[in-house]
Visitor: 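Take a look at this one; I'll ask things after.
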Amino acid sequence: MRVREWDPRSASATEIHSLVEMVNVVMAADLPDDPPWRDVQVRDYLAETMPGERRITWIAEDDRLPEGEGEIFAHVNILLLGDIGVLEVLVRPHLRRRGLGRQLVAMAARRAYLEGFSSIGVEAIGGTTAIPFYEALGFEREYVETRSVLNLDSVDWLALGAMATGISSGYRIEYHPGGPPDSLLDAYAQAKAEAQHDDDDLDLQPRSSDPQRLRDSLDTLHKRGLKPYIVLAIHEASGTVAGLTEVVVPAQHPERADQYDTIVVREHRGYGIDRAIKARMLFELRSAERGLRQVQTWNAQHNESMLKVNAELGYESDRDWFEYIADVSRLVQAMEP
């Protein structure tokens, strides 16, 4: 087996195909109900990052063939953003518990240390071997979310229609496929900034709360093959964004969309905005994405109001997702041979 640093930009088509096949084998073991990945814009998905951020990747491959021609057995990448490195490790199930995952984490941790980062964060899926793996390495649990999944073929569209029109007077709902218009970016950014003050998770995903970062974020989504859909609630008297919801449909698995932020600005809560914008989004997705079958969302366990809204829309709880963090210098020291 050969482990080497790997750049998806220059990777062969054979490597990209092998990586997708490996991802699907891992998902079949860990998330058997999730749709498999397609080999569509995978190179872009792996290569593109936000300005100021970098992703460093390694693969473990069959060393009986020249580089780029063998089967990929495992993959690790670390996204360097802000003051934290975000880790992702995938190992084929039949090669687990042999030290390969530990070797890959050690490589990524050493690079993060050399790059001057003090912390590494990682998401681990409940009910998988990732939980004991990261805890054994010394990662500490910081945050828990519950993933819920909505099957569009089971939606009560009549009830959903009532929710979509159930917003109080003085507000209007707008739909913006691809992202909000430039005229609303400032107000959109202001609503996003308020939400960050209410959020206590680890921010393991890039987030944007100023107009230029929002432009960069939307541009990066499109480059990675992730199509955003936005529904806004506008306070008509002030023209401000009172609420927003974002859903992204990935080219890599267009049967299942990802819910991103849903935000209702504090002073506009209690007017039915959350239900209305999320219900409207589902109607728009049904029309725009004919192949879409499901939408998945993640919510903090203490966010009872949004969990209630999602339940009313038809989402069903799936499993917990855990965010872990580790001190880089301690992790490197602990993993030295």
Side-chain angles (χ1 to χ4, degrees), residues 20-42 44-45 88 90 123-128 130 144-164 175-179 204-205 221-222 224-231 244-263 274-301 303 305-323:
V20 171
E21 190 268 336
M22 183 205 67
V23 168
N24 286 333
V25 169
V26 170
M27 289 181 58
D30 295 342
L31 294 168
D33 295 327
D34 283 28
W37 275 45
R38 302 180 184 182
D39 190 353
V40 179
Q41 285 190 261
V42 172
D44 300 325
Y45 179 85
E88 181 184 43
L90 298 175
E123 286 188 339
I125 303 169
T128 69
V144 183
E145 292 181 305
T146 298
R147 183 178 77 165
S148 300
V149 177
L150 173 67
N151 291 304
L152 294 182
D153 60 5
S154 65
V155 168
D156 184 341
W157 294 101
L158 184 61
L160 203 70
M163 293 185 201
Y175 166 60
H176 298 286
L204 298 186
Q205 300 293 331
L221 285 174
H222 287 289
R224 298 184 75 202
L226 309 175
K227 186 175 181 180
Y229 291 89
I230 311 294
V231 172
L244 62 94
T245 190
E246 308 161 331
V247 170
V248 170
V249 179
Q252 297 80 21
H253 51 90
E255 300 91 348
R256 180 179 288 194
D258 296 322
Q259 174 78 60
Y260 279 25
D261 282 343
T262 296
I263 295 166
D274 45 7
R275 290 170 177 79
I277 58 178
K278 295 196 74 166
R280 171 68 178 272
M281 174 66 81
L282 294 175
F283 278 107
E284 299 295 352
L285 289 172
R286 184 176 65 165
S287 298
E289 297 285 343
R290 294 296 184 178
L292 185 66
R293 298 290 177 264
Q294 298 173 317
V295 182
Q296 60 185 2
T297 187
W298 290 262
N299 295 104
Q301 293 178 334
N303 191 351
S305 60
M306 191 55 65
L307 289 170
K308 181 180 179 182
V309 170
N310 287 339
E312 292 174 359
L313 293 168
Y315 283 86
E316 296 184 358
S317 295
D318 178 39
R319 64 171 75 198
D320 290 337
W321 293 57
F322 303 93
E323 293 182 1

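Numbers here simply count residues along the sequence, with the first being 1. The analysis underlying the following values was restricted to heavy atoms, covering all of them including side chains, and did not include hydrogens, waters or symmetry mates.
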Visitor: Just to verify, what does W37 make a ring-ring contact (aromatic ring centres under 6.0 Å, His included) with, not counting sequence neighbours?
Guide: Y45, H253

Visitor: Between R38 and E255, does any side-chain N to carboxylate O distance fall below 4.0 Å?
Guide: yes

Visitor: For A257 and V247, work out which heavy atoms get closest and say how close.
Guide: CB-CG1, 3.6 Å

Visitor: Give the intermediate values and the outcome of side chain to side chain contact (heavy atoms under 4.5 Å, CB included) for residues L221 and Y260.
Guide: CA-CA 12 Å; L221 285 174; Y260 279 25; 4.0 Å; yes

Visitor: Of the non-hydrogen atoms in A124 and A130, which two are nearest, and what is the gap between them?
Guide: CB-CB, 4.0 Å

Visitor: Within a strict 4.5 Å, meaning less than it, do heavy atoms of the M22 and L90 side chains meet?
Guide: yes

Visitor: Tell me, please, which residues at least two apart from F283 pass ring-ring contact (aromatic ring centres under 6.0 Å, His included).
Guide: W157

Visitor: Indicate yes or no: at least one non-hydrogen side-chain atom of E312 is less than 4.5 angstrom from one of K278.
Guide: no

Visitor: Nearest 0.5 Å please: distance from the CD1 atom of I230 over to the CE atom of M281.
Guide: 6.0 Å

Visitor: Return the CG to CD distance between N151 and Q296, rounded to the nearest 0.5 Å.
Guide: 11.5 Å

Visitor: If you round to the nearest 0.5 Å, how far is CD1 of I125 from CZ of F322?
Guide: 11.0 Å

Visitor: Nearest 0.5 Å please: distance from the CG atom of D258 over to the CH2 atom of W298.
Guide: 4.5 Å

Visitor: Just verifying a value: how many Å separate D261 CG and T297 OG1, rounded to the nearest 0.5 Å?
Guide: 9.5 Å

Visitor: Could you check if a side-chain atom of R293 sits within less than 4.5 angstrom of a side-chain atom of R256, using non-hydrogen atoms only?
Guide: no

Visitor: Does any N or O in the side chain of Q294 come within less than 3.5 Å of the main-chain N or O of L150, such that one atom is a donor and the other an acceptor?
Guide: no

Visitor: Apply the side-chain hydrogen bond (donor to acceptor under 3.5 Å, both in side chains) test between Y229 and each candidate in E289, E284, E246; give the one that qualifies.
Guide: E289

Visitor: At their closest point, which heavy atom of A251 faces which heavy atom of P254, and how far apart are they?
Guide: O-CD, 3.4 Å

Visitor: Indicate yes or no: does D34 engage R147 in a salt bridge with an N to O separation below 4.0 Å.
Guide: yes

Visitor: Are the side chains of V23 and M27 in touch, meaning some heavy atoms are under 4.5 Å apart?
Guide: yes

Visitor: What are the two closest non-hydrogen atoms of Q252 and G225, and how far apart are they?
Guide: OE1-O, 4.2 Å

Visitor: Excluding sequence neighbours, so at least two apart, what forms side chain to side chain donor-acceptor pair (under 3.5 Å) with E316?
Guide: none

Visitor: Answer yes or no: is there a side-chain heavy-atom contact under 4.5 Å between R275 and L313?
Guide: no

Visitor: To the nearest 0.5 Å, how far apart are CZ in R319 and CG in D30?
Guide: 7.5 Å

Visitor: Looking at T245 and I277, what are the two nearest heavy atoms and their distance?
Guide: CG2-O, 3.6 Å

Visitor: Would you check if the side chain of Q41 reaches a backbone N or O of L226 as a donor-acceptor pair within less than 3.5 Å?
Guide: no

Visitor: Using a distance-only test with no angle check, is there a side-chain donor-acceptor pair under 3.5 angstrom linking D318 and S148?
Guide: no

